[in-house]
Student: 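After the structure tokens below, expect a handful of questions from me.
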Number of protein chains: 2
Amino acid sequence: MNTREQILSKNYEAMCLHGFQGLRTDKVINELGITKGAFYHYFSGKKELGYAIVDEIIAPHYIGTFAPLKNSKNGSIEAITSVLEYLKGCSSRETIHIGCPLNNLVQEMSPLDDTFRDKLRGIFEAQKDLLVIALSRGVENGELKEGIMVEDVAFYIISGIEGSYALGKAFQSKKVFDRSIDQLIGYVRLLKKD
Amino acid sequence: MNTREQILSKNYEAMCLHGFQGLRTDKVINELGITKGAFYHYFSGKKELGYAIVDEIIAPHYIGTFAPLKNSKNGSIEAITSVLEYLKGCSSRETIHIGCPLNNLVQEMSPLDDTFRDKLRGIFEAQKDLLVIALSRGVENGELKEGIMVEDVAFYIISGIEGSYALGKAFQSKKVFDRSIDQLIGYVRLLKKD
DNA sequence: CCAAGAACATACAAACTAGTATGTATTTAA
DNA sequence: TTAAATACATACTAGTTTGTATGTTCTTGG
């Protein structure tokens, strides 16, 4: 991992815990054993580092997680519940305590910085679009009930995910997160035609 | 409004926008036209101010919103959907842009400060308890389907609410919030026996 | 081989920020 | 009425934190 990647990665970790405003870049730099010279060589400032973290770490990760929805073979509901199960599987007690980095950043920075806001909204929009693709396919091939508001359901699924992270964090409990996701899975299954 | 209440209230507003770490108490004090002397007379420090805001503003507000669940006459589902409708009604474009102050604070401070974490978790716990009361009554008097996991559903409803706030904030859209809450209302109605 | 830019290191500055120390006016209680 | 506590104001400090200016080494293309 080169210096730029190290700076990005360590600052991302620190930002997950302390938030963007609470992130102290110089502390991270010290921990890495490098100096300010390296930092300001690669990034013109703290904000630009933040934007780079969003573009190069957060966005690829969150869009990648939803990518399987694009062309799923076992039906759209199965594809969606697979994503939800995956979220349960890849989250540990520690990650739940920290919460969803994407949501953390939205909550903190959306009202304070337009660039952050637009970039982060774009990620959610991409997730929503992928859900809409999967759900629309399910409606077209008769897998889903008729009269489903595809976009509303897509928004709602994302909201259920972020809400589960929020609650898991509030209760410091992976179990609360899992149970909430399970209820969401139950809701998604109800979209299927009997 | 006395000086202490002014300090609490204005700092609360600023904290909703900037977060606790981003809150600059001296800036708020200047805007109020008072000085540091007044602030440190009433609060021993920034953290203690934060705790007071949680205890005296946030907790009463959020628990109050859920209080009608305690003894509702028109059935438990109606009581819960009423709360959800109320949340839609009392939120404007501006409040959605800022997000749910309770959730904001949880996301920011839970991993960083145990006192914040415990206080905030207590608020969610109180909300959950009130939902459990309403749902249990619904199960007992036969209003709800059998086999409902009362506590899981309670967690899930809170998660749906917080998720809706999070998404509304991410998309800077009250409409997204409303649509997500509507889906949650639809889910809650499905708990009813046909 | 050598010039030029890339990749850092070092030292310093400017602004901010929470908090303190102290002073004063006003209210309250004995 | 007077001592004491309350309710503030003023001025100052110590510690951060972001950022800059400048210097040095290393790499690389011609």
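To find a chain, count down the sequence lines: A is the first, B the second, and so on, and within it residues start at 1.
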Student: Name the nucleic acid region contacted by B:Y40, choosing base, sugar-phosphate or nothing; use a 4.0 angstrom heavy-atom cut-off, strictly under.
Tutor: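 B:Y40: base contact, heavy atoms under 4.0 Å.
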
Student: I want to check a possible cation-pi pair here: A:K46 against A:F20, using under 6.0 Å from ring centre and within 45° of the ring axis as the test.
Tutor: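 Satisfied, under 6.0 Å and within 45°.
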
Student: What is the distance, to the nearest angstrom, from the CD atom on B:E5 to the C1' atom on D:dA7?
Tutor: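 Rounded to the whole Å, the gap is 15 Å.
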
Student: Could you run down nucleotides 12-17 of chain D 5' to 3' and tag each one B, S or - for protein heavy-atom contact under 4.0 Å?
Tutor: -----S

Student: Please table the atom pairs, donor to acceptor, closer than 3.5 Å between any side-chain atom in residues 24-41 of chain A and protein atoms at least two apart or in another chain.
Tutor:
unit_1 : atom_1 : unit_2 : atom_2 : d
A:R24  : NE     : A:G22  : O      : 3.2
A:R24  : NH2    : A:Q21  : O      : 3.1

Student: Are the side chain of B:S82 and the backbone of B:E78 linked by a donor-acceptor contact shorter than 3.5 Å?
Tutor: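 Indeed, once roles are kept as given, a pair shorter than 3.5 Å links the two residues.
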
Student: Roughly how many Å is it from CD1 in A:I29 to P in D:dG19, rounded to a whole number?
Tutor: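 Nearest whole value for this atom pair: 11 Å.
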
Student: Over how many whole Å does the gap from B:F43 atom CZ to D:dA7 atom C1' extend?
Tutor: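 Going from CZ in B:F43 over to C1' in D:dA7 covers 13 Å.
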
Student: Could you tell me if A:S72 and A:R137 have a donor-acceptor pair between their side chains, going purely by distance under 3.5 Å?
Tutor: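 A:S72 and A:R137 do have a side-chain donor-acceptor pair below 3.5 Å.
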
Student: Find the distance A:Y42:OH to D:dG19:P and express it as a whole number of Å.
Tutor: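 Whole-Å distance recorded here is 19 Å.
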
Student: Students should find this one: the first and last nucleotides of DNA chain C, 5' to 3', lying under 4.0 Å from a heavy atom of chain A. What are they?
Tutor: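 Listed 5' to 3', the contact boundaries are C:dA6 to C:dA11.
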
Student: For B:T65, enumerate each residue passing the side-chain contact (heavy atoms from CB on, under 4.5 Å) test, keeping only those at least two apart in sequence or located in another chain.
Tutor: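 B:T65: side-chain contact (heavy atoms from CB on, under 4.5 Å) contacts with B:H61, B:V83, B:Y86, B:L87.
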
Student: Decide whether A:S76 and A:E143 meet the rule of one side-chain donor and one side-chain acceptor closer than 3.5 Å.
Tutor: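 Per modelled atom types, A:S76 and A:E143 side chains form a pair under 3.5 Å.
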
Student: Are B:F171 and A:F155 close enough that their ring centres sit under 6.0 Å apart?
Tutor: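 Ring-ring flag for B:F171/A:F155: true, centres closer than 6.0 Å.
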
Student: Hey, is the side chain of B:T3 poking within less than 4.0 Å of OP1 or OP2 on D:dC8, counting only N and O atoms?
Tutor: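 Result: yes.
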
Student: Between A:N103 and A:K169, is there a side-chain donor-acceptor contact under 3.5 Å, judged purely by atom types and distance?
Tutor: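 No, no side-chain donor-acceptor pair sits under 3.5 Å.
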
Student: Under 4.0 Å from any atom of DNA chain C, heavy atoms only: list the residues of residues 7-15 of chain A that qualify, in numerical order.
Tutor: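 Heavy-atom cutoff 4.0 Å gives no residues at all.
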
Student: For A:R117 and A:D114, run salt bridge (Lys or Arg N to Asp or Glu O under 4.0 Å): C-alpha distance rounded to whole Å, both residues' side-chain angles, the deciding distance at 0.1 Å, then the answer.
Tutor: CA-CA 5 Å; A:R117 188 200 57 199; A:D114 290 350; 3.4 Å; yes

Student: Who pairs with A:Y187 by side-chain hydrogen bond (donor to acceptor under 3.5 Å, both in side chains), at least two apart in sequence or on another chain?
Tutor: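 With sequence neighbours excluded, A:Y187 shows a side-chain hydrogen bond (donor to acceptor under 3.5 Å, both in side chains) to B:Q183, given in chain and number order.
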
Student: Assess the side chains of A:Y51 and A:D113: does a donor N or O sit below 3.5 Å from an acceptor N or O?
Tutor: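 A:D113 and A:Y51 do have a side-chain donor-acceptor pair below 3.5 Å.
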
